[in-house]
Amino acid sequence: MWRLPKSSFSFSSLRKLILTRDISGSASSPSLSIWRRKKEMSKESLMVAKELKRLQSHPVRFDRFIKSHVSRLLKSDLVSVLAEFQRQDQVFLCMKLYDVVRKEIWYRPDMFFYRDMLMMLARNKKVVEAKQVWEDLKREEVLFDQHTFGDIIRAFLDGGLSSEAMFIYDEMRSSPDPPISLPFRVILKGLIPYPEFREKVKDDFLEIFPDMIVYDPPEDLFEDQEWRRESDEE
């Protein structure tokens, strides 16, 4: 579904990758992740968030404010503003700050940063933006652990984006991170409205964990979910 562009090599990208590996040991290491810390809004970040929302319909003034104020925010303030916009499902503003964050000198590829972006985009059914974010994380060699894969896939399923969810599921299956049962169960529950996809994941689960059991919902529940999905599409 999502085809990735051919990777481009440059000295600056190599330097950035080496710097990342030296500091965190891995592009996805959670040990130093700023994206897992509690994010509290300072007075400065509150002011910036309010002004960004006010100016988003005025492109020239918006871009000027990004350069004059947002780029000067402290790291913790920029992180907290992005987290607040994600909470509010402000897709346009999130994507703008996403670009700002990735240009910051302190930026390091991080699976929690990408997880939060993808889950917000899934909630809002933004496939094009999700594809862009996915291509970025692949270029930066970000690796999700199995729990994070499960959370992201479930978010896409809950957002009604089953094809995108299964694309990410295939990525999960090819991940070097050893499979564990809980993410599969999270995904299987989210796949109840999609019996065909659920059967595929169920077969994989039972192949990997032959001693475990999958409890299927009653057949009439599948039919009810299918009817609801078709009604929503109409």
Side-chain angles (χ1 to χ4, degrees), residues 2 4-5 8 10-17 19-20 23-24 27-30 32-142 144 148 151-152 155-156 159 161 164:
W2 294 343
L4 302 179
S8 58
S10 67
F11 178 79
S12 61
S13 62
L14 177 62
R15 180 177 177 275
K16 186 175 183 180
L17 181 60
L19 206 62
T20 299
I23 291 177
S24 64
S28 302
S29 173
L32 300 176
S33 176
I34 61 173
W35 304 100
R36 300 187 73 188
R37 302 171 191 169
K38 187 175 181 181
K39 305 170 184 69
E40 296 182 352
M41 301 280 284
S42 67
K43 290 182 178 179
E44 180 73 11
S45 58
L46 284 169
M47 183 277 291
V48 167
K50 182 178 180 181
E51 195 66 8
L52 285 172
K53 291 178 74 173
R54 188 178 72 84
L55 294 176
Q56 61 181 311
S57 58
H58 305 280
V60 175
R61 295 172 62 191
F62 182 88
D63 290 342
R64 188 183 302 135
F65 186 79
I66 288 277
K67 294 176 182 178
S68 63
H69 289 76
V70 176
S71 61
R72 297 181 183 180
L73 283 175
L74 295 174
K75 175 169 65 174
S76 58
D77 286 337
L78 183 53
V79 169
S80 66
V81 174
L82 176 56
E84 179 60 20
F85 285 155
Q86 288 171 340
R87 187 187 68 81
Q88 297 179 15
D89 290 330
Q90 295 279 348
V91 175
F92 172 80
L93 295 174
C94 284
M95 293 303 295
K96 286 293 184 180
L97 291 190
Y98 167 81
D99 289 336
V100 171
V101 166
R102 294 179 66 247
K103 293 174 183 176
E104 290 291 320
I105 192 171
W106 50 260
Y107 170 73
R108 302 291 179 268
D110 188 294
M111 74 173 183
F112 296 104
F113 168 64
Y114 281 106
R115 176 201 64 183
D116 294 344
M117 284 298 300
L118 286 170
M119 292 180 71
M120 181 275 300
L121 293 170
R123 284 197 306 272
N124 292 277
K125 307 181 190 299
K126 297 297 182 179
V127 175
V128 174
E129 290 84 351
K131 177 183 177 182
Q132 175 191 332
V133 171
W134 187 266
E135 291 173 351
D136 290 340
L137 73 89
K138 295 298 284 187
R139 276 194 294 266
E140 293 181 359
E141 300 183 350
V142 173
F144 291 130
T148 304
D151 291 341
I152 294 170
F156 276 84
L161 303 174
E164 290 73 19

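Note that the numbering runs from 1 along the sequence shown for the chain.
Considering every non-hydrogen atom in both S42 and S45, the closest pair reads N-OG, 2.7 Å. Nearest heavy-atom pair across L118 and A130 is CD2-O, 3.8 Å. Summarising the geometry of L55 relative to F62, their closest heavy-atom pair is O-CB, 3.4 Å, with the distance given to 0.1 Å. The nearest pair of heavy atoms linking E104 to S71 is OE2-O, 4.1 Å. When every heavy atom of M117 is checked against every heavy atom of V133, the shortest pair comes out as CB-CG1, 4.3 Å.
At a threshold of 4.0 Å, the pair D151-R115 does not count as salt-bridged, since none of the basic side-chain nitrogens sits closer than that to a carboxylate oxygen.
The aromatic rings of F113 and Y107 stand perpendicular to each other, their planes meeting at an angle above 60°, with 30° marking the opposite boundary.
Distance check, rounded to the nearest 0.5 Å: NE2 of H69 to CG of D77 gives 13.0 Å. Distance check: M95 CE to L97 CG gives 10.5 Å after rounding to the nearest 0.5 Å. Considering CD of Q88 and CE of M120, their distance stands at 11.5 Å, rounded to 0.5 Å. Atom SG of C94 sits about 10.0 Å away from atom CG of D116, to the nearest 0.5 Å. Taken to the nearest 0.5 Å, the CZ atom of F85 stands 4.5 Å off from the CG atom of L93. Atom-to-atom distance recorded for K126:NZ and E164:CD is 13.5 Å, nearest 0.5 angstrom.
Q56 and K96 share no donor-acceptor pair across their side chains, judged by distance under 3.5 Å alone. No side-chain donor from either of E129 and Y98 sits under 3.5 Å from a side-chain acceptor of the other.
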Discussion item. Is there a side chain to side chain contact (heavy atoms under 4.5 Å, CB included) between D110 and V142? Walk through the geometry before answering.
Written reply: CA-CA 7 Å; D110 188 294; V142 173; over 6 Å; no
Item to complete: For Y114 and D136, run side chain to side chain contact (heavy atoms under 4.5 Å, CB included): C-alpha distance rounded to whole Å, both residues' side-chain angles, the deciding distance at 0.1 Å, then the answer.
Response: CA-CA 9 Å; Y114 281 106; D136 290 340; 3.8 Å; yes
Worksheet item: Going through the checks in order, is the side chain to side chain contact (heavy atoms under 4.5 Å, CB included) test met by I66 and L52?
Response: CA-CA 8 Å; I66 288 277; L52 285 172; 3.9 Å; yes
Item to complete: List the steps and the verdict of side chain to side chain contact (heavy atoms under 4.5 Å, CB included) for F144 and L137.
Response: CA-CA 10 Å; F144 291 130; L137 73 89; 3.9 Å; yes
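Within the structure, salt bridge (charged side-chain N to carboxylate O under 4.0 Å, His left out) pairs that include any residue of residues 86-95 comprise E84-R87, D89-R123 (at least two apart or interchain).
Looking at heavy atoms from C-beta onward, F112 lies out of side-chain contact with I34 at the 4.5 angstrom threshold. The shortest distance between side-chain heavy atoms of E135 and R139 falls below 4.5 Å. When side chains are defined from C-beta on, W35 counts as touching L82, because their heavy atoms get closer than 4.5 Å.
Residues satisfying the salt bridge (Lys or Arg N to Asp or Glu O under 4.0 Å) test with E51, not counting sequence neighbours, are R54.
For the pair K125 (side chain) and G159 (backbone), a donor-acceptor distance under 3.5 Å is present.
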